[in-house]
Protein chains: 2
Amino acid sequence: MSDRSFVVTPWEVKGEVDYEKLVEEFGVQPIDEELEEKLRKYMGGQLHMQIRRRVFFSHRDLDWILDSYESGEKFFLYTGRGPSGHTHIGHIIPWIFTKDLQRYFDVEVYFQLTDDEKFLVKPDLSLEDTISYAYDNSLDVIACGFEKGKTWLFLDTEYIKTLYSIAVRIAKHLTFSTVKAVFGFTSSTNIGVIFFPAVQAAPCFLPSILKGRNIPCLIPAAIDQDPYWRGVARAVAPKLGFYKPAQIHCKFLPGLGRGGKMSASQPETAIFTTDKPEVAEAKIMQAYTGGQPTVREQKAKGGNPDVCPVYQYYLFLFETDDAKLRERYLNCRSGSLLCGDCKETLAKRVSSFLKDHQKRRMEARNMLEDFILRD
Amino acid sequence: MSDRSFVVTPWEVKGEVDYEKLVEEFGVQPIDEELEEKLRKYMGGQLHMQIRRRVFFSHRDLDWILDSYESGEKFFLYTGRGPSGHTHIGHIIPWIFTKDLQRYFDVEVYFQLTDDEKFLVKPDLSLEDTISYAYDNSLDVIACGFEKGKTWLFLDTEYIKTLYSIAVRIAKHLTFSTVKAVFGFTSSTNIGVIFFPAVQAAPCFLPSILKGRNIPCLIPAAIDQDPYWRGVARAVAPKLGFYKPAQIHCKFLPGLGRGGKMSASQPETAIFTTDKPEVAEAKIMQAYTGGQPTVREQKAKGGNPDVCPVYQYYLFLFETDDAKLRERYLNCRSGSLLCGDCKETLAKRVSSFLKDHQKRRMEARNMLEDFILRD
């Protein structure tokens, strides 16, 4: 990774990510027209916004998943969250997509909360901290609108009895050499982190084990998680007699600062679902943009939406109308749309989104037990 | 280990073990007269046979355990079994000692059945196999006479919810370098085996966590398990705010063949608790001994009880009277005791032991649920 300006691993996403390069390096497939055609059919005639805009942009075996579905074999969706802090809007984007996939295909969702992993990798977090964040984050998952009775959230530490028996079966086929090559582990890596890939791979096979028959698995997740599936779950699946899990990968919502994905470690550049709407509005008003230093220059030269996180917010979530998004893009380019106005509109939409989300989040408190799986 | 003829690791015990050398290498303490004096007080005025005969021969911090007990702080006992096959008499020896310790000190016993470990290290065993052996072996543990309501057996895979939260706390402080140095792991070691030391160390702190106060731990176990305590549990304990576990170590009962400990991988040289008494008798009659090739030579030169597994059986378990053991030793040396007679007496005692044990083993089937801990 020496000759490039970005890094994408499950623990680190840094710099301006070149997604085309990632597709090549990770050996995944872009979502092509043929696949879009197949998807469109299930998506009510129009592709999901996150596919149209290439937020979800690549896959492994999604064609197989759709063909199997077509022939009557339902898949399940598996995704998750590492609970190291509050949820921000960057996390929610793929959850919204996953929730919509659930609706399109009428399938179950298994959602892993890796409280163990975040405890193991974060020196300053206790297990009590990560468990507490896991429950906090669960409210956001439920608030996204997943279907009750078909969506199962579980904390690793609480569901480990079921997961562990699967994880040791996986672990028996994974040497230190392998996880070292896949994740870059070293001699200084702690043994909990070394074992963890087996725990993250376990849910790929969980419904097959629970139901006693092989069930295809589709994982919608950010592209940084690919090593878990490529290097672990897909490598081991045939040895255990399971299907290889399929994947569909998304990009990262950029932070409100200059470059890089939205990150909880830079709270001023991330909108948390727990932020007061007025705090979120202020963060947006202070965001970095692709605009010119002065109004005069902006009017003369136009802005650059391609490097502007504010524009990306519209693209990822806050402008659902493609024509209006295009208009915003062109007005920015031409200089007729000023950054202040553009931010103000976004701030209002984000604020309104947060108010709705926070209301559903409150209601989710009473639904937790309908969604959480425990041993 | 190049310049010597024996190997002692948690996975391999080979050759004639030089226990004095082990004491030095492992940095453990021999049980000295002062400690014997302290122990005698609790053992009804006479040292336990397994201490008198140096079956249990070394320790770490046993003096501290006794001093704490003296001052009113009760410890608990922790031991276990790797369920890779049926129980043999070599396994039972330390369990009998542990059961007697429980009685002397009126303390709780936690007994770990490492079904996960044996699955992970044995290519040919499935998890179903090791779980099945764990239940089978549990019957032998209960048959030893441990106290109901004060003795808790648990299978790792069934009690992992409780164990895992402790194990990840331990694992966070253990790097691959450390377990590599302690256990000789390599790049080809599977990641389940790499994580397992944290699972085996977890019960050292379990009662302290269950009861919310620090409780001293004493581990009676064969000396080959020392790396788990020395390199893992004792190293990590202070970082987690727990006492370092104390240990008392025993030797291995030799197999009935020439040299080495009794091993399930050579079934003709091991007496299993599930052997029919007549099968056990036949194994003993075919045992290697320290005797001479012919009766005539035996009468003329005498035998060598020091290298004789039959004599070791008497010493470890089957002759409780020290004077009679001494007599047997001298009669062998002088040539007045012939191997055939010596074996025949042992065969009868072993047969009688097995009959009693197998009766208690049957009864244990109805008591399993009183002893097994589950999440």
Side-chain angles (χ1 to χ4, degrees), chain A residues 114-128 130-131 154-183 185-199 201 209 231-232 236 240 374-375, chain B residues 114-128 130-131 154-183 185-199 201 209 231-232 236 240 374-375:
Chain A
T114 60
D115 54 347
D116 51 350
E117 177 209 14
K118 289 302 173 186
F119 164 69
L120 286 163
V121 299
K122 301 273 181 185
D124 296 337
L125 289 181
S126 69
L127 202 48
E128 290 70 25
T130 60
I131 290 171
F154 48 93
L155 280 68
D156 285 343
T157 62
E158 293 186 353
Y159 199 51
I160 194 68
K161 186 171 166 181
T162 300
L163 296 176
Y164 188 70
S165 293
I166 310 171
V168 293
R169 285 183 169 97
I170 296 166
K172 196 169 178 174
H173 295 286
L174 288 175
T175 64
F176 182 67
S177 295
T178 301
V179 294
K180 188 177 158 183
V182 174
F183 299 101
F185 292 157
T186 69
S187 290
S188 312
T189 305
N190 80 52
I191 63 171
V193 169
I194 292 171
F195 179 63
F196 177 74
V199 177
I209 287 170
V232 179
V236 169
L240 299 181
R374 292 195 189 82
D375 283 314
Chain B
T114 59
D115 54 347
D116 51 349
E117 177 209 13
K118 289 302 173 186
F119 164 70
L120 286 162
V121 300
K122 301 273 181 187
D124 297 337
L125 289 181
S126 70
L127 202 48
E128 290 69 26
T130 60
I131 290 170
F154 49 94
L155 280 68
D156 285 343
T157 61
E158 293 185 353
Y159 199 51
I160 195 68
K161 185 170 166 181
T162 301
L163 295 176
Y164 188 69
S165 293
I166 310 173
V168 291
R169 285 183 169 95
I170 295 166
K172 196 169 179 175
H173 294 285
L174 288 175
T175 64
F176 181 68
S177 295
T178 302
V179 295
K180 188 177 160 184
V182 174
F183 299 101
F185 292 157
T186 69
S187 289
S188 312
T189 305
N190 80 52
I191 64 171
V193 169
I194 292 171
F195 179 63
F196 178 73
V199 177
I209 287 168
V232 179
V236 170
L240 299 179
R374 291 195 191 84
D375 281 313

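Hydrogens, waters and symmetry mates are skipped; everything else that's a heavy atom, side chains included, is used. Order of the sequence lines sets the chain letters (A, B, ...), proteins ahead of strands, with each chain counted from 1.
Residue B:Val232: no heavy atom, backbone or side chain, is found under 4.5 Å from chain A. Contact annotation for B:Thr186: only backbone heavy atoms (N, CA, C, O) come within less than 4.5 Å of a heavy atom of chain A. When heavy atoms are compared at a cutoff of 4.5 Å, B:Leu127 approaches chain A solely by way of its side chain, counted from C-beta outward. Looking at A:Tyr164, the atoms closer than 4.5 Å to chain B (heavy atoms on both sides) all sit in the side chain, from C-beta outward. Of the two parts of A:Val168, the backbone and the side chain both hold a non-hydrogen atom closer than 4.5 Å to a non-hydrogen atom of chain B. Only the backbone of B:Thr189 comes within contact range of chain A, judged by heavy atoms closer than 4.5 Å.
Chain B forms the most heavy-atom pairs under 4.5 Å with one residue out of A:Leu120, A:Val193, A:Thr178, and that residue is A:Leu120. If you tally non-hydrogen atom pairs under 4.5 Å between each of B:Asp116, B:Val179, B:Ile170 and chain A, the highest count goes to B:Asp116.
Of the inter-residue distances, the one linking B:Tyr159 atom OH with A:Ile160 atom CD1 reads 15.5 Å to the nearest 0.5 angstrom. Taken to the nearest 0.5 Å, the NZ atom of B:Lys161 stands 9.5 Å off from the OG1 atom of A:Thr162. Considering CD1 of A:Ile194 and OG1 of B:Thr175, their distance stands at 8.0 Å, rounded to 0.5 Å. A:Arg374 CZ to B:Asp375 CG: the interatomic distance, rounded to the nearest 0.5 Å, is 13.5 Å. Here OG of A:Ser165 is found 8.5 Å from CD of B:Glu128. Values are rounded to the nearest 0.5 Å.
When all heavy atoms are compared, the tightest approach of B:Ala198 to A:Ile191 is CB-CD1, 4.1 Å. Taking all atoms of both residues into account, the shortest heavy-atom contact from A:Ala171 to B:Gly192 is CB-N, 3.5 Å. Contact detail for A:Phe119 and B:Lys172: the closest heavy-atom pair is O-NZ, 2.6 Å.
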### Task
Would you sort out whether A:Phe176 and B:Phe185 count as a side chain to side chain contact (heavy atoms under 4.5 Å, CB included), showing the intermediate values?
CA-CA 9 Å; A:Phe176 182 67; B:Phe185 292 157; over 6 Å; no
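When atom types are taken as modelled, the side chain of A:Ser187 and the backbone of B:Ser177 share no donor-acceptor pair closer than 3.5 angstrom.
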